[in-house]
Amino acid sequence: MESYCYLDNSAVTRLDERVLEAMKPIFLEQYAVATSQFGYSMGIDSREILDEARASLAAHLKAEPEEIIFTSGSTESSNIALRGTVKASRKNHKHIIVSGIEDFPVLHTARDLERDGIGVTYLEVDEYGRVNPDRLREAIGDETVLVSIQHANQEIGTLQDIRAIGEICRGRGVLFHTDATHSFMRVPIDVKDINADLITFSAHTIHGPRGIGGLFVKKGTVLSKIYGGGFQEFDLRPGIENIPGAVGFARAASLVTIEENEKLMVLRNRLIELVEEKVPEVTLNGHRTLRLPQNANITFHRVEGESITLHMDMRGFAVSTGSACFSRSLEASHVIMAIGGDHERAHGSIRFSLSRFNDESQIVRAAEEISHVVEQLRVISPLGHPRDG
Amino acid sequence: MKFPYNDTVLAHFKNPHNVGTMDDPDGKATVGSPACGDMVTVYLKVDKETSVITDMKFQSYGCASNIATGSIITDLALNKTIEEAKNITWQQASEELGGLPPIKAHCSVLAVEGLHEAIQNYEEKHGLVKEKVPTTEEVIRKRLKHVMNPVKGLDLIRTNLVTEILVDGGVVTIGIDLPGNHQFAPNIEEEIRDRIENLWDVDEVKVNFTE
């Protein structure tokens with residue numbers, strides 16, 4: 001069998017060796033905690049290394065270094081953004097707005113806040129997964145403290161018009177958080193251009209180490225600390241700084257190029273084209289152009305996704321599905337359901353997410369293999385035949 | 001490489017036995033639905049003299065454990081009499097397969113139900129249902145034990161989802177402890193109807209969700 005082909009890069013990416021090399025000395029030589037400027041020399045060096053990583057990441061977002069706090073990843077970043085703003089808000093500001101297709105860090109935190117008595121509006125999206133800015137405008141009230149709408153969707157890759165969303169929030173004096181976990185470094189983000197107050201981003205999607213993420217906090221944003229602990233990360237995220245992680249994160253971000261993103265888009269388009277050519281009865285989920293360069297999400301009608309992923313696995317490909325059978329909760333993808341899909345469309349959806357380490361021959365093989373797998377499963381599917389009792 | 005199922009399950013999944021459709025089956029049933037995540041159709045040919053299942057086919061829309069169980073029940077039921085086939089249990093199918101992950105129980109139970117319902121369909125079609133038992137709360141409860149709560153992978157009764165069963169004349173009222181807009185509500189209602197509406201003395205089935 002040819003080498004295993006990993007196409008689940010939206011879950012996590014393989015670490016780039018160059019990132020590992022950058023991190024090694026921090027584990028083995030420069031391992032002291034970051035001390036204050038009055039600490040010992042090794043700690044002062046650590047402080048400088050951490051600040052360099054911070055400045056380097058800030059530059060990618062056109063932000064100031066002190067506007068970036070390091071966290072353990074997207075889940076923590078979004079928790080701090082949502083809980084921190086609600087906690088800091090005035091008594092009568094107890095309403096937040098999120099889109100219905102947010103990833104779990106935002107969605108489940110919102111539901112949790114709701115149980116604590118915070119009002120939450122879950123905005124509907126259109127057939128592509130896009131939020132309608134007019135609906136957002138209507139949803140903002142006097143009590144609204146925060147709007148949290150993702151930049152790019154984790155499953156179907158749809159990009160939101162976060163510029164328009166940011167503008168609306170700014171106009172109404174409401175904080176705007178966006179989860180950019182999947183778009184960071186893949187789609188340009190300029191914090192001044194999009195009027196964001198808070199941005200979640202992470203290293204695990206760009207060949208960086210897992211366990212490190214970032215939260216952009218615009219200067220002047222009032223945010224409460226949500227954990228008890230030390231004064232690290234501008235007194236917003238206590239705990240010993242993950243300096244190897246921060247260095248790896250900065251290195252990983254510096255390795256992403258425009259050419260790479262263009263290559264991913266070409267590969268992605270080729271994959272969609274081949275699948276649509278080879279397999280009848282498919283639906284591309286999400287928008288054809290307003291989507292992440294690395295994402296393709298396709299429903300193969302009349303077949304179930306877990307069976308597809310297992311067959312693909314046995315043929316040497318890792319892909320993911322929105323099928324209930326694949327998930328731990330046994331619930332079908334809330335994203336596919338929200339874009340107007342039914343259970344059958346969700347259960348048959350397959351996400352291919354590409355990375356630096358994929359090439360055209362893998363894409364061609366993946367399309368070929370999935371066409372055989374789907375054909376085989378359709379032969380045994382009772383769907384499409386009239387159902388009688 | 002480590003797969004989520006054992007080799008026997010994988011073998012049946014890769015090359016399921018007795019897959020397909022059948023012209024003029026003597027008994028046929030479709031259980032489950034896409035909403036549930038799995039759907040199985042079972043076709044039977046039965047020798048009227050000996051009551052032996054001479055041919056059997058199945059189709060599956062579902063995950064690996066569903067496909068594998070569909071395959072194994074055809075192996076177990078073929079060349080058995082109707083009475084013998086009625087006694088095939090999910091437990092037996094699961095054992096033959098060398099065990100299935102517990103969370104996948106409901107996907108595999110479905111295939112066994114498909115067999116049982118195809119047999120029932122055969123008996124109803126051929127006037128073989130002898131005793132017309134009056135529908136009582138107990139009868140309904142028994143039938144609801146075959147309706148899955150997809151959230152938990154167990155039936156409605158065991159997961160305490162049934163809040164009320166009322167049998168009044170030909171009208172059966174069933175209360176379900178789920179909001180009507182729940183992801184699985186329409187599917188659960190459909191399955192309840194499938195199992196109750198055909199009872200000989202039932203004219204109407206009412207399914208009430210919360211709110």
Side-chain angles (χ1 to χ4, degrees), chain A residues 1 3-6 100 122 299-318 321-334 336-338 341-349 372-374 376-389, chain B residues 1-5 9-10 13-16 18-21 25 28-43 57-68 70-71 103-104 106-107 114 117 121 124 148-153 182-184 186-187 193-195 197-198:
Chain A
M1 192 167 90
S3 64
Y4 196 79
C5 173
Y6 180 78
Y122 301 90
T299 289
F300 298 88
H301 293 284
R302 299 200 288 117
V303 288
E304 193 276 323
E306 194 223 50
S307 284
I308 299 178
T309 58
L310 185 55
H311 270 298
M312 287 300 280
D313 190 19
M314 294 194 288
R315 289 163 187 247
F317 294 86
T321 170
S323 167
C325 271
F326 192 72
S327 73
R328 289 177 207 187
S329 63
L330 290 183
E331 285 206 26
S333 156
H334 69 286
I336 307 282
M337 301 297 280
D342 55 13
H343 286 87
E344 191 258 353
R345 181 161 163 201
H347 291 320
S349 68
H372 296 315
V373 166
V374 170
Q376 191 181 335
L377 288 170
R378 278 184 182 158
V379 168
I380 70 168
S381 173
L383 285 176
H385 302 277
R387 181 182 173 183
D388 55 32
Chain B
M1 283 168 97
K2 203 166 169 70
F3 294 111
Y5 300 98
V9 176
L10 288 178
F13 168 67
K14 257 180 120 168
N15 295 302
N18 303 304
V19 162
T21 59
K28 182 192 168 195
T30 295
V31 290
S33 73
C36 188
D38 295 281
M39 191 168 154
V40 176
T41 304
V42 174
Y43 305 83
K57 289 272 184 284
F58 88 99
Q59 289 178 297
S60 160
Y61 163 88
C63 62
S65 64
N66 181 266
I67 293 173
S71 173
I103 193 166
K104 296 291 185 180
H106 89 273
C107 322
E117 296 213 356
N121 175 254
E124 278 167 11
M148 283 293 140
N149 168 4
V151 182
K152 302 261 195 250
H182 188 274
Q183 187 182 352
F184 294 124
N187 173 249
R193 290 188 176 283
D194 274 358
R195 285 176 198 270
E197 268 174 353
N198 294 328

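Labels below follow one simple rule: chain letters A, B, ... track the order of the sequence lines, proteins then strands, and each chain is numbered from 1.
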How long is the gap from [atom1] on [X] to [atom2] on [Y], to the nearest 0.5 Å?
X        : Y        : atom1 : atom2 : answer
A:Ser323 : B:Asp38  : OG    : CG    : 8.0 Å
B:Thr41  : A:Leu383 : OG1   : CG    : 8.0 Å
A:Ile308 : B:Cys63  : CD1   : SG    : 12.5 Å
B:Lys2   : A:Asp313 : NZ    : CG    : 12.5 Å
A:Arg302 : B:Met39  : CZ    : CE    : 11.0 Å

What part of [X] gets closer than 4.5 Å to chain A, counting heavy atoms only: side chain, backbone, both or neither?
X       : value
B:Lys57 : neither
B:Tyr5  : side chain
B:Asn66 : neither

Item to check | Validation row: A:Pro382, B:Thr30 side chains within 4.5 angstrom (heavy atoms) | outcome: no
Checklist entry - With A:Glu344, which residues qualify under salt bridge (Lys or Arg N to Asp or Glu O under 4.0 Å), at least two apart? => result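 Testing A:Glu344 for salt bridge (Lys or Arg N to Asp or Glu O under 4.0 Å), a comparison that skips the adjacent residues, returns none.
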Checklist entry - Quick one: ring pair (Phe, Tyr, Trp, His ring centres under 6.0 Å) partners of A:His334, sequence neighbours excluded? => result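 Applying ring pair (Phe, Tyr, Trp, His ring centres under 6.0 Å) to A:His334 gives A:Phe104.
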Where [X] and [Y] come nearest, the two heavy atoms and their spacing:
X        : Y        : value
A:Met314 : B:Lys14  : CE-CG, 3.4 Å
B:Ala64  : A:Ser307 : N-OG, 3.6 Å
A:Glu304 : B:Tyr61  : N-CE1, 3.8 Å

